[in-house]
Amino acid sequence: MLVRLRKDISEVEAEKVLAAIKRMGVGVEISRTRGSSAMIINENGNRLDKMIIKNIPAVEAVSESDNPYFLVSREFKKENSVVTVGDVIFGTGKPVIIAGPCAVENESQILETARLVHARGIRLMRGGAFKPRTSPYSFEGLGEEGLKLLAKAREETGVRIVTEVLDAIDVDLVAEYADMFQIGSRNMQNYKLLKAVGKHKKPVLLKRGMSANLNEFLMSAEHIMTEGNDRIVLCERGIRTFVEYSRNTLDLNVVPAVKQVSHLPIIVDPSHGTGRRDLIEPMSLAALAAGADGLIIEVHPHPDKSWSDPEQALSPEMFTRLMRKINHFMEWQQQYANEIPAR
Ligand code: PEP
Ligand code: MN
């Protein structure tokens with residue numbers, strides 16, 4: 001059951017409503033999103049009387065919607081959500097480009113990359129300090145040392161930092177250094193981790209699980225929202241299919257599909273989506289044409305020497321060319337900014 005409170009009620013009144021509903025049944029749980037007036041009541045086998053709840057003066061509406069991702073849905077919020085990371089804004093119609101290496105390797109590599117991407121207009125840099133690796137023999141990141149190097153790159157160039165948090169236990173540590181949490185594909189259904197970043201105030205980049213469908217993807221975002229953090233940006237990063245010529249299959253259908261049902265911004269990762277540097281430019285442009293709110297791209301000053309994902313790292317020259325094309329695309333896109341997509 002969903003309860004919408006009147007917008008003008010105070011926090012104290014809201015708490016009273018919450019307590020009153022909780023008393024209506026043993027084990028009744030309530031989730032409420034910070035800054036919103038909606039509450040989700042998990043009845044846990046109780047059958048609460050909708051009319052009694054509706055008659056509480058602070059309650060505006062009660063709905064028996066069974067939408068499992070109500071808070072991230074357009075049913076809850078019609079307008080697009082805007083997520084800010086410092087001076088970087090997702091969801092305004094102007095795509096945000098995130099770039100940086102797969103992993104932080106050492107000081108000179110990350111500083112060189114930060115200068116390189118910053119000079120090409122990037123304001124939000126990626127780089128993994130905690131790396132989820134399919135093989136236990138692969139480089140798993142520098143940990144806190146990597147976070148410190150990212151913070152140093154921010155200090156020097158002003159770029160904001162998005163970096164992966166692998167484990168709920170590291171959330172506070174990563175928050176000390178990062179401007180935005182990244183939840184990786186392999187962790188999209190790590191509910192403890194989702195809840196841990198949900199309790200934080202930092203924005204979250206939530207990558208789609210490689211075998212997750214649209215509903216599962218949005219329900220993971222809902223886990224973060226119900227804890228109170230509504231600063232979420234979704235990221236399509238490719239799914240597992242039978243194809244063998246690319247690392248994953250970039251599901252660009254999901255971009256307009258998400259936009260129909262959710263108010264959250266969605267960006268695309270053509271690096272992991274293709275795993276091939278020769279496919280990144282066309283798929284970046286395709287993602288923007290599909291309506292993505294941004295891209296996240298792996299770049300390395302010396303791609304062949306990259307400690308992780310060298311096959312998909314763009315060289316500085318390739319990245320320069322890509323950014324030139326993206327900028328042209330954005331100029332063209334501006335002309336059509338106010339046109340409503342066909343249904
Ligand atoms: C990454 O972006 O560094 C990464 C590991 O990606 P994914 O979680 O999408 O595999
Ligand atoms: Mn990578």
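For this chain, numbers begin at 1 and follow the sequence in order. Counting starts at 1 for both ligands and their atoms, in listed order.
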Participant: Which part of Met210 is near ligand 1, with near meaning a heavy atom under 4.0 Å away: side chain, backbone, both or neither?
Facilitator: neither
Participant: Compute the minimum heavy-atom distance from Arg208 to ligand 1 and say whether it is under 4.0 Å.
Facilitator: no
Participant: Do Lys78 and His263 have a side chain donor and acceptor closer than 3.5 Å?
Facilitator: no
Participant: In terms of heavy-atom contacts, does CZ of Arg133 have more than 12 from other residues, nucleotides or ligands at under 6.0 Å?
Facilitator: yes
Participant: Note the single closest protein heavy atom to atom 6 (O) of ligand 1, along with its residue, its atom name and the distance in Å.
Facilitator: Lys207 NZ, 2.9 Å
Participant: Determine the minimum heavy-atom distance between Val104 and Gly127, stating which atoms define it.
Facilitator: CG2-C, 4.1 Å
Participant: Any chance you could lay out the salt bridge (charged side-chain N to carboxylate O under 4.0 Å, His left out) test for Lys54 and Asp49, step after step, and finish with the verdict?
Facilitator: CA-CA 9 Å; Lys54 210 169 168 200; Asp49 190 331; over 6 Å; no
Participant: Can a side-chain donor-acceptor contact be found between His200 and Asp172 if the only test is distance below 3.5 angstrom?
Facilitator: yes
Participant: Evaluate the salt bridge (charged side-chain N to carboxylate O under 4.0 Å, His left out) criterion for residues Arg126 and Glu298: first the C-alpha distance (whole Å), next the side-chain angles of each, then the deciding distance (0.1 Å), finally the verdict.
Facilitator: CA-CA 8 Å; Arg126 59 153 292 140; Glu298 290 190 343; 3.3 Å; yes
Participant: With no hydrogens and no angle check, do the side chains of His302 and Gln109 hold a donor and an acceptor under 3.5 Å apart?
Facilitator: no
Participant: Tell me, which protein residue and heavy-atom name are nearest atom 4 (C) of ligand 1, and how many Å apart are they?
Facilitator: His272 NE2, 3.5 Å
Participant: For ligand 1, which atoms, with element, lie under 4.0 Å from some heavy atom of Gly184?
Facilitator: 8 (O)
Participant: Just say parallel, tilted or perpendicular for the rings of Phe76 and Phe70, cut-offs at 30° and 60°.
Facilitator: tilted
Participant: Suppose I only count heavy atoms of Arg237 and a 4.0 Å limit; which atoms of ligand 1 are within that range?
Facilitator: 7 (P), 9 (O), 10 (O)
Participant: Can you tell me the protein heavy atom closest to atom 8 (O) of ligand 1 and the distance?
Facilitator: Ser185 N, 2.8 Å
Participant: Taking 2.8 Å as the limit, list every protein N, O or S atom around the Mn ion (ligand 2), by chain and residue number.
Facilitator: Cys102 SG, His272 NE2, Glu298 OE2, Asp309 OD2
Participant: Would you say the side-chain atoms of Arg115 and Thr157 include a donor-acceptor pair closer than 3.5 Å?
Facilitator: no
Participant: Are any of the N or O atoms of Asp269 closer than 3.5 Å to those of ligand 1?
Facilitator: no
Participant: Taking a hydrophobic cluster as the set of Ile, Leu, Val, Met, Phe, Trp and Tyr residues connected by side-chain heavy atoms closer than 4.5 Å, whether directly or through intermediates, do Leu264 and Leu124 fall within one such cluster?
Facilitator: no
